[in-house]
Asker: 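The structure is given below, and queries will be raised subsequently.
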Amino acid sequence: MARVLHAEPELRRVIGDGGGIADREVEGLDEQDLIELYRSLVLLRTYDERSVVFHRQGRIGTYAIFWNHEAMQAGAVYALSDDDWIFPSYRESAIGILRGMPAATVLQWWRGHPSGWWNPADYNVASICVPIATHVPHAAGLAWGKRLKGEQACAIAFFGDGATSEGSFHEGANFAAVMDAPLILLCNNNQWAISTPLEAQTRAKTLADKAVGYGIPGVRVDGADVLAVYEATREAVERARRGEGPTFVEAVTYRTAPHATADDPKAYIDLERVEQEKKGECVGRYKGYLDRLGVLTDELDQQIRAEATDMMRQGIADAEGEPPADVSLLFDHAFVNAPASFADDLAELRRVLGG
Ligand SMILES: Cc1ncc(C[n+]2csc(CCOP(=O)(O)OP(=O)(O)O)c2C)c(N)n1
Ligand SMILES: [Mg+2]
C-alpha cells in the first residue's frame, strides 16, 4: 500500500535571520560541504548575471533569468550522486555546470548553436526542456527504468508552479507513484507563470497538497534556503533509493527578475514586493549563514568569485570562437529520406543569407 503523508504546511528552513530566528545545522554536512554549496551558488549566480549582460550586448539570444532560484538548483543537485539524472527546464538551463559541463555549452544553447546540445549521458543531464512539464514523464520513465534494471540511481525533474497545471505533470507524477519510480519532483514555485500569478493558477492551498492525490509525500521548503532544499532533497533521494517511490518537493521563492530577457514585468508585477523579496535573496542569505559560522574567509570568497568570473569569460570566448553552424543542419535531421524540394529550399536559404 502506498504511504500517504500530508503536505507539511509550513516552509522548512535551516538558515535563520541572524536575529530572532536561529540557524540550524544539517546533519552530515561538514565545512567542506558548506563551502562547496557556496561555490555552486556563486557559479550559478555569476552565470546568470553575466548572461543578462551578454544578452544586452547581443551576444546570446533570449535568456530565462534564474536570479534567486540558485538555492533550489544548487541545494537539490548537491543531494544527488553523479549517477542520478537531472531533467532541467529552461529555468535551470545552467545546472549542467554543477556537473562539470563547460559554460560555453550552455551559452551556445542560448545562442542557438548546435554545440549547445550535449549528449545527456555525458553528464546525466537531460536536454533543457522548454515545453512546460513535458519532461516529467521522461524523468519518470528513466527513473522507472533504473528501478527495473536494479540500479540505485534516481532522477530529478525541475519544473515551475505553472507546470503543475499541465497534463504531462499529472501523468508523470501518477506514473512514477504507481511504479514506485525513484523520482524527485522538484517544483520551483516562484509564484509566477510569466504574468499569471499563483492565485490564478490553482485552487489548491499549496502545490505540495497535490502530492496527496498521487499517494506520495509532498514537502514544502523555503526555496531561497539552500540548506533546506538540500536536506529535503536528500530525504527524497533516500526514500527513492529505498524503493519507496517519488517525492514532491515544493520549493517556494519569488521571481524577482523578469520571466526572461524578452519580458517587461512592470506591466503586471508589484515592484515594491520585488524590492522586498530581493533583500532575502538566496546567495546573500547563505553567505550570512557562513559568516555567522565563521567558515568563509574574505580571501576564499574572493577566490570563488574570481573562479566563477573566469569561467564565464572563458565560456563566452569559447562560444564566440566556434565557427557558425552550416544552415544545412536545419534540413539534415528532419527526414531519413529528405523530400526532393529540400535541395531547392536549402539553395534558397543560402541565397537569402548571402552565402
Ligand atoms: C506546453 C507549453 N505551453 C505554454 C508554454 C509557454 N510558456 C513558456 S514559460 C511559461 C510559464 C511557465 O511558468 P512556470 O511553470 O511557473 O515556470 P517558471 O517560468 O516560472 O519557472 C509558459 C506558459 C510553453 N513553453 N509550453
Ligand atoms: Mg513559476
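This structure is a prediction, so every number in the text was calculated from the model and none was measured. Note that ligands are numbered from 1 as they come in the structure, with each ligand's atoms numbered from 1 the same way. The analysis underlying the following values was restricted to heavy atoms, covering all of them including side chains, and did not include hydrogens, waters or symmetry mates.
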Asker: Would you find a donor on one side and an acceptor on the other, under 3.5 Å apart, between the side chain of Glu250 and the backbone of Leu207?
Answerer: yes
Asker: I'd like to know if Phe159 contacts ligand 1, where contact means a heavy-atom distance under 4.0 Å to any ligand atom.
Answerer: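 Heavy atoms of Phe159 never come under 4.0 Å of ligand 1.
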Asker: Under a 4.0 Å heavy-atom limit, does Asn188 contact ligand 1 with its side chain, its backbone, both, or neither?
Answerer: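 It is the side chain that touches ligand 1; the backbone stays farther off.
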Asker: Which pairs with one or both residues in residues 41-57 pass salt bridge (Lys or Arg N to Asp or Glu O under 4.0 Å), sequence neighbours excluded?
Answerer: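 Found Arg45-Glu70, Arg45-Glu281.
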Asker: Can you pull the ring-ring contact (aromatic ring centres under 6.0 Å, His included) pairs that have at least one residue in residues 37-65, sequence neighbours excluded?
Answerer: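 Applying ring-ring contact (aromatic ring centres under 6.0 Å, His included) to every pair that reaches into residues 37-65, excluding sequence neighbours, yields Tyr63-Trp110.
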Asker: Partners of Phe331 by ring-ring contact (aromatic ring centres under 6.0 Å, His included), sequence neighbours excluded?
Answerer: Phe342
Asker: By number and element, which atoms of ligand 1 are closer than 4.0 Å to a non-hydrogen atom of Arg91?
Answerer: 18 (P), 19 (O), 20 (O), 21 (O)
Asker: To the nearest 0.1 Å, how far is atom 26 (N) of ligand 1 from its closest protein heavy atom, and which atom is that?
Answerer: Ile132 N, 3.0 Å
Asker: Sub-3.5 Å donor-acceptor pair from the side chain of Asp209 to the main-chain atoms of Ala204, do we have one?
Answerer: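 No; zero donor-acceptor contacts below 3.5 Å.
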Asker: Which bit of Asn190 is near ligand 1, meaning a heavy atom under 4.0 Å away: side chain, backbone, both or neither?
Answerer: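 Near ligand 1, Asn190 shows its side chain, while the N, CA, C and O stay back.
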Asker: Establish, for the pair Arg91 and Phe158, whether the NZ or CZ atom is under 6.0 angstrom from the six-membered ring centre and no further than 45 degrees off its axis.
Answerer: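 No, Arg91 does not sit over the ring of Phe158.
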Asker: Is the ring pair Tyr90/His259 parallel, tilted or perpendicular, if the boundaries are 30 and 60 degrees?
Answerer: perpendicular
Asker: Starting from atom 20 (O) of ligand 1, find the nearest protein heavy-atom neighbour and note its residue, name and distance.
Answerer: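 Result: Trp192 O, 2.8 Å.
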Asker: Check for me, please, whether Leu98 and Ile35 land in the same ILVMFWY cluster - side-chain distances under 4.5 Å, paths through other members count.
Answerer: no
Asker: Before you tell me yes or no, could you show the steps for Arg39 and Glu36 under salt bridge (charged side-chain N to carboxylate O under 4.0 Å, His left out), namely the whole-Å CA-CA distance, both residues' side-chain angles and the distance that decides it to 0.1 Å?
Answerer: CA-CA 5 Å; Arg39 194 187 306 279; Glu36 283 312 310; 3.3 Å; yes
Asker: Is a donor on one side and an acceptor on the other found under 3.5 Å between the side chain of Asn189 and the backbone of Ala251?
Answerer: no
Asker: Quick one: which ligand 1 atoms are inside 4.0 Å of a heavy atom on Ala163?
Answerer: 15 (O)
Asker: What is the closest protein heavy atom to atom 25 (N) of ligand 1, and at what distance does it sit?
Answerer: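 Nearest neighbour among protein heavy atoms for atom 25 (N) of ligand 1, to 0.1 Å: Val130 O, 3.1 Å.
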Asker: Is it true that a side-chain atom of Lys210 and a backbone atom of Thr164 form a donor plus acceptor pair closer than 3.5 Å?
Answerer: yes
Asker: For atom 11 (C) of ligand 1, what is the closest protein heavy atom, and at what distance to 0.1 Å?
Answerer: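 That would be Ile194 CG1, 3.6 Å.
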Asker: Which residue supplies the protein heavy atom nearest to atom 17 (O) of ligand 1, what is that atom called, and how far is it?
Answerer: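 Among all protein heavy atoms, the one nearest atom 17 (O) of ligand 1 is Tyr90 OH, 3.3 Å.
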Asker: His259: heavy atom below 4.0 Å from ligand 1, yes or no?
Answerer: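 Within the 4.0 Å threshold, so yes.
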Asker: When you measure from atom 3 (N) of ligand 1 to every protein heavy atom, which one gives the shortest distance, and what is it?
Answerer: Glu166 OE2, 4.0 Å
Asker: Test your reading of the model: is there a side-chain donor-acceptor pair from Glu92 to the backbone of Ser89, 3.5 Å cut-off?
Answerer: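 Yes.
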Asker: Heavy-atom contacts with Gly162 under 4.0 Å: which atoms of ligand 1 show up? List them by number with element.
Answerer: 14 (P), 15 (O), 16 (O)
Asker: Taking distance alone, with no angle check, do Pro131 and ligand 1 share an N/O pair under 3.5 Å?
Answerer: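 Not met; the criterion fails.
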Asker: Around the Mg ion (ligand 2), list the protein N/O/S atoms within a radius below 2.8 Å, excluding water molecules.
Answerer: Asp161 OD1, Asn190 OD1, Trp192 O
Asker: Check step by step if salt bridge (charged side-chain N to carboxylate O under 4.0 Å, His left out) holds for Arg12 and Asp222.
Answerer: CA-CA 6 Å; Arg12 183 193 291 208; Asp222 182 337; over 6 Å; no
